[in-house]
Amino acid sequence: MYRFIIINLFLAFTAVLQAQELVYTDAAGTIRWKKNKQEVSLFGANYCLPSACDFRAAAYMRGDRKQIIAEDMDHFKRMNWDALRLCFWGDFQNTDRDGNLLENEHLDLLDCLIAEADKRNIYMLLSPIVTYNSQWPEMTDTTNTGFAKYYPKNTLTHDEKAIQVQENYLKQILQHRNPYTGRCLKDEPNILFVEFINEPSQFPDDIPGMVDYINRLYKAVRSTGCKKLTFYNVSQNFGVAPAIRKSKVQGSTHAWYPGALNNGYSLQGNGLLFVDRYEQMMDPELKGKAKIVYEFDSTDNSLGYMYPAMVREFRRGGIQFATMFSYDMLRTAPTNLGWQTQYFNMVYTPSKAVSGMIAAEVMRRIPRGKHFGYYPENNVFGDFRVSYDERLSELNADDMFYYSNTTTTRPKNLQSLAHIAGVGSSPVVNYSGTGIYFLDKQSDTTWLLEVYPDIMELDDPFKMVNPNRMVRKAGCNSRTMKIKLPGLDTVLTVLPGKYKLSAGKLISKEELPAKDLYQEPMKKWEVANRTATEFVSGQPMTFRCEVFGDEHPKEVSLYLMLNPWGCKRIPMMAKDGFYYEAQVDLNWLEKDSYRYHYAVETGDETLLFPAKTDCLPDRWDYYEQDTYAFRLVSPTAPLSLLGEQDSWKRIRYSRTYLSPATTFRSVSCGEELIPAFQLSVADLGKNDTYVTPCDATFSHFIGDKIACRDMSKVSPSFIKVRAYGLNGTDKAICNVVDKDGRGYGAVFQLGQEVSDILIPVSSLVPTKAAMLPQDWPGVNSYWYPASMQTYTIPLDWTIAEFVQVSLRNELYDTSNQKNKGVVVEKIELLF
């Protein structure tokens with residue numbers, strides 16, 4: 001009995017000691033550490049396992065949720081991340097109708113997560129009200145008990161009963177005692193910030209009402225004795241900044257998704273143009289308030305060059321805490337089962353992981369308020385560099401050298417270099433694998449090497465989530481690594497693991513955590529074709545593919561099917577990663593359409609792709625089956641930019657929120673039912689509620705098609721558009737957009753019947769181009785900034801990336817701006 005009393009007294013005393021807050025805001029609204037008065041600069045991610053879809057995703061993978069939390073927090077620590085947002089669906093899954101806190105597994109896992117983060121010195125933002133249905137995406141679970149079931153999001157600000165319910169919930173969750181730490185949440189020292197509510201409905205026309213609402217939630221929090229810094233969302237509608245300024249909260253929270261959300265496929269094109277500026281963060285209304293970023297991501301983009309550029313803009317805007325959304329659990333990352341439009345895991349998205357590590361250093365090393373200009377001048381800033389062309393972000397400092405893709409940059413200071421993190425190769429590490437690796441210096445002659453598995457990119461991770469669709473697979477393959485550093489000049493054959501190296505020799509080796517997951521066999525072979533669909537006659541052709549399996553194939557061959565019969569077998573050479581390549585001179589081939597196969601000899605069998613049959617074209621038992629295809633054309637053959645081969649679902653178009661009501665869809669034309677693309681807009685007349693220009697545009701990526709031709713040697717003479725107008729629409733704009741965001745367009749005339757319209761390339765002039773998809777929450781300009789400037793640079797077809805068709809109010813009389821539309825069957829370049 002006495003022992004029990006003593007233990008409880010000890011826990012209570014410890015809780016009192018640790019309830020001291022670690023941070024404060026000064027008179028200027030800067031967040032500082034109490035211990036040394038230094039500015040706070042924290043970076044990390046949201047982590048959502050305790051509730052909603054991530055909670056269920058862990059069950060699909062049959063994982064132990066607490067073990068998963070520990071694994072993933074180890075990743076945070078390995079990447080040197082120190083920030084975590086606790087996004088908790090308590091309003092759906094942990095309350096009753098009156099906002100009383102319900103203790104269940106969701107709350108237990110939140111407590112566990114807080115404790116695991118605390119062990120690793122990770123600092124937290126608590127967001128206990130989410131406002132979005134916890135049952136997404138399945139929407140089949142009817143067990144939601146929370147007050148969100150009874151009070152819709154748009155009622156939370158003004159409905160008196162709804163406000164009382166929120167006050168009750170905030171008080172109870174902050175006074176809830178965490179059994180893993182012995183402290184109430186209000187007293188958890190590493191929870192630095194409380195954001196009352198995630199992405200609330202905003203009412204910029206009722207600033208007094210919003211101030212009252214914010215202050216009531218603030219008072220509820222403070223009534224518990226909680227002294228944490230409090231925040232309220234501004235980016236849902238930047239017009240509420242005055243309410244935040246007038247309220248008692250210490251700061252504002254911001255979000256940024258430059259590629260919009262849920263496109264359903266991997267976006268192509270220069271993403272740096274979309275993360276060039278976040279001017280709203282400099283709003284004078286926010287002066288004196290602290291600023292943090294609760295969510296951001298380079299959505300629908302697996303490449304590793306975006307995050308440092310985004311955080312560069314955050315630092316310019318005064319951000320001191322930023323958490324991307326959302327960290328994918330190690331156990332669910334192979335299927336990207338968490339959030340369709342986001343995808344990030346240290347092991348399964350290695351390039352993005354290194355980019356995230358670099359972004360954390362941007363947060364620490366770039367001063368708040370520092371402006372590096374606009375694209376492309378800001379591609380190099382401090383010790384950092386980002387490159388769209390190289391798909392690369394890079395940190396090159398005296399102590400660190402990080403790179404998210406192969407780089408030719410030499411480290412700044414080899415003698416002081418202490419930490420390397422990379423994907424691919426560099427002047428100091430030559431590596432044939434595809435996974436992330438780390439090198440950390442222990443002494444002048446001793447380094448720790450950590451090598452993670454190869455990652456096979458099996459499918460587009462941004463399709464709709466499905467627990468049975470694997471998008472990434474880890475492979476434990478033997479790889480060669482050459483290291484050339486002072487005190488460490490060696491060549492190793494490595495498998496995934498941890499290696500201690502001294503004076504160029506291996507001292508010890510350890511297994512990686514979760515090796516069971518990495519070593520799980522694939523039990524099948526897959527081929528991903530990376531070959532162009534068109535080649536130019538008389539020029540060398542390169543066939544490329546990736547071959548995935550549980551081991552290296554014995555041999556990979558290309559089978560070119562000849563017309564009208566026969567075949568030619570061409571051996572392929574193994575390259576880095578999983579690539580195989582064959583460079584072929586086929587000058588003797590006539591211009592035509594051709595089919596081909598890849599054959600993978602595994603040792604036990606030879607499989608023919610894409611059909612995966614045990615049947616080779618040079619054997620007697622070959623039969624007709626699926627093939628790959630390409631066209632062999634003359635350098636001046638028409639080049640299709642848009643046509644029936646393109647899916648309308650992968651074409652971007654203007655959204656309708658506070659903008660002209662635009663629709664875009666596929667249609668069929670004529671009795672032949674020819675596929676076409678229809679763009680329609682209800683009204684292009686000026687409207688004071690619009691936040692965008694009176695424009696409707698669709699935009700199609702053509703960079704991969706342009707790359708099929710050597711545009712430095714041939715130039716198109718005409719753009720041919722086959723189209724017609726709807727409802728009397730007699731004109732539209734065709735625009736070619738380059739990778740730097742400059743537009744070159746011309747107005748073309750439309751008839752009411754389909755016809756071929758020839759636009760002379762010589763008639764293209766600088767034209768405003770729509771930056772699509774439009775970001776969320778509306779940070780960016782509608783137009784590419786470069787396209788709004790005066791420029792005399794001629795169109796360089798080698799860097800053309802998009803073709804756009806636009807309907808704009810400037811094309812039509814003010815009395816003729818309703819019900820405009822255009823149907824486009826195809827767009828071609830004529831040479």
Side-chain angles (χ1 to χ4, degrees), residues 11-12 14-23 40 42-52 54-55 58 63-77 79 81-95 101-130 134 169-198 221 224-231 253 292 294-295 321 323-327 329-330:
L11 286 173
T14 301
V16 169
L17 287 179
Q18 294 185 335
Q20 301 302 311
E21 299 304 325
L22 303 180
V23 297
V40 169
L42 301 170
F43 182 91
N46 285 247
Y47 189 76
C48 303
L49 179 147
S51 48
D54 275 354
F55 176 85
D64 180 296
R65 292 186 176 96
K66 293 180 182 178
Q67 176 190 341
I68 290 173
I69 288 172
E71 287 175 344
D72 295 335
M73 289 302 101
D74 282 343
H75 287 181
F76 274 53
K77 196 65 179 175
M79 292 185 291
W81 284 5
D82 47 18
L84 168 66
R85 183 183 183 225
L86 305 168
C87 191
F88 188 60
W89 275 254
D91 48 329
F92 282 91
Q93 297 181 304
N94 280 87
T95 54
L101 184 66
L102 302 180
E103 297 201 11
N104 55 24
E105 188 176 4
H106 301 297
L107 186 61
D108 182 60
L109 289 169
L110 176 67
D111 291 333
C112 176
L113 173 58
I114 291 168
E116 292 295 333
D118 185 73
K119 290 177 188 176
R120 296 164 178 81
N121 295 318
I122 296 170
Y123 301 98
M124 290 162 271
L125 162 67
L126 173 63
S127 301
I129 300 174
V130 175
S134 63
Y169 169 54
L170 287 172
K171 292 175 184 178
Q172 292 195 27
I173 193 168
L174 288 171
Q175 294 181 99
H176 163 71
R177 188 171 298 279
N178 185 334
Y180 299 95
T181 66
R183 296 181 291 259
C184 294
L185 296 198
K186 69 183 179 66
D187 296 323
E188 291 286 0
N190 280 18
I191 297 180
L192 304 181
F193 315 123
V194 176
E195 179 191 37
F196 303 146
I197 180 171
N198 172 72
V221 169
T224 67
C226 177
K227 298 179 181 179
K228 302 190 180 302
L229 302 186
T230 57
F231 289 81
T253 65
I292 63 178
Y294 67 98
E295 285 182 24
F321 175 102
T323 47
M324 55 83 59
F325 191 98
S326 167
Y327 193 77
M329 296 171 279
L330 177 65

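A donor-acceptor pair is defined here as one N or O able to donate and one able to accept, closer than 3.5 Å; such a pair exists between the side chain of Asn46 and the backbone of Met324. The backbone N or O of Tyr180 lies less than 3.5 Å from no partner atom in the side chain of Asp111, so there is not a single donor-acceptor pair.
Atoms CZ and NZ, on Arg177 and Lys186 in that order, are 8.0 Å from each other to the nearest 0.5 Å. Of the inter-residue distances, the one linking Cys226 atom SG with Asp187 atom CG reads 8.0 Å to the nearest 0.5 angstrom. Annotation: the span from Asn94 atom CG to Ile173 atom CD1 amounts to 7.0 Å, rounded to 0.5 Å. Considering CD1 of Ile122 and CD1 of Ile114, their distance stands at 12.5 Å, rounded to 0.5 Å. The distance from atom CD1 of Ile191 to atom CG of Leu22, rounded to the nearest 0.5 Å, is 11.0 Å. A distance of 10.0 Å separates CG in Asp54 from SG in Cys87, rounded to the nearest 0.5 Å.
In terms of the salt bridge (Lys or Arg N to Asp or Glu O under 4.0 Å) criterion, residue partners of Glu116 (sequence neighbours excluded) are, by chain and number, Lys119, Arg120. Listed by chain and residue number, Arg183 satisfy the salt bridge (Lys or Arg N to Asp or Glu O under 4.0 Å) test with Asp118 (two or more places apart in sequence, or in another chain). Judged as a ring-ring contact (aromatic ring centres under 6.0 Å, His included), and not counting sequence neighbours, Tyr294 has no contacts. By the ring-ring contact (aromatic ring centres under 6.0 Å, His included) test, Phe231 pairs with Phe193, sequence neighbours left out. Partners of His106 according to the ring-ring contact (aromatic ring centres under 6.0 Å, His included) rule, which considers only residues two or more places apart in sequence or in another chain, are Phe55.
Salt bridge Lys66/Asp108: present, at least one basic N to carboxylate O contact under 4.0 Å. Using a cutoff of 4.0 Å between basic side-chain nitrogens and carboxylate oxygens, Glu105 and Arg65 are scored as salt-bridged.
Annotation for Pro50 and Leu113: closest pair CG-CD2, 4.0 Å, computed over non-hydrogen atoms. The two residues Gly90 and Thr95 make their nearest non-hydrogen contact at O-OG1, 3.2 Å. Leu174 and Cys184 make their closest contact through O-CB, 3.7 Å (heavy atoms, listed as atom of the first residue, atom of the second, distance). Contact record, Tyr327 with Trp81: CD1-CZ3, 4.0 Å, taken as the closest heavy-atom pair. When every heavy atom of Lys228 is checked against every heavy atom of Leu192, the shortest pair comes out as CB-O, 3.6 Å. Of all the heavy atoms in Ala58 and Leu49, the pair that sits closest is CB-CD1, 4.4 Å.
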Side chain to side chain contact (heavy atoms under 4.5 Å, CB included) between Leu229 and Glu21, intermediate numbers included:
CA-CA 9 Å; Leu229 302 186; Glu21 299 304 325; over 6 Å; no
Evaluate Leu110 against Cys112 for side chain to side chain contact (heavy atoms under 4.5 Å, CB included), listing each step before the verdict.
CA-CA 5 Å; Leu110 176 67; Cys112 176; over 6 Å; no
Could you give me the CA-CA distance, side-chain angles and deciding distance for Lys227 and Gln20, then say whether side chain to side chain contact (heavy atoms under 4.5 Å, CB included) is met?
CA-CA 9 Å; Lys227 298 179 181 179; Gln20 301 302 311; over 6 Å; no
Would you check, one step at a time, whether the test side chain to side chain contact (heavy atoms under 4.5 Å, CB included) holds for Asn178 with Leu185?
CA-CA 7 Å; Asn178 185 334; Leu185 296 198; 4.3 Å; yes
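Partner Ile129 forms a side chain to side chain contact (heavy atoms under 4.5 Å, CB included) with one of Tyr169, Phe92, Phe196, Trp89 and no other, that one being Tyr169.
For the salt bridge (Lys or Arg N to Asp or Glu O under 4.0 Å) condition, the pairs that include at least one residue of residues 84-93, sequence neighbours left out, are Arg85-Glu195, Arg85-Glu295.
No side-chain N or O of Asp82 forms a donor-acceptor pair with one of Asn121 less than 3.5 Å apart.
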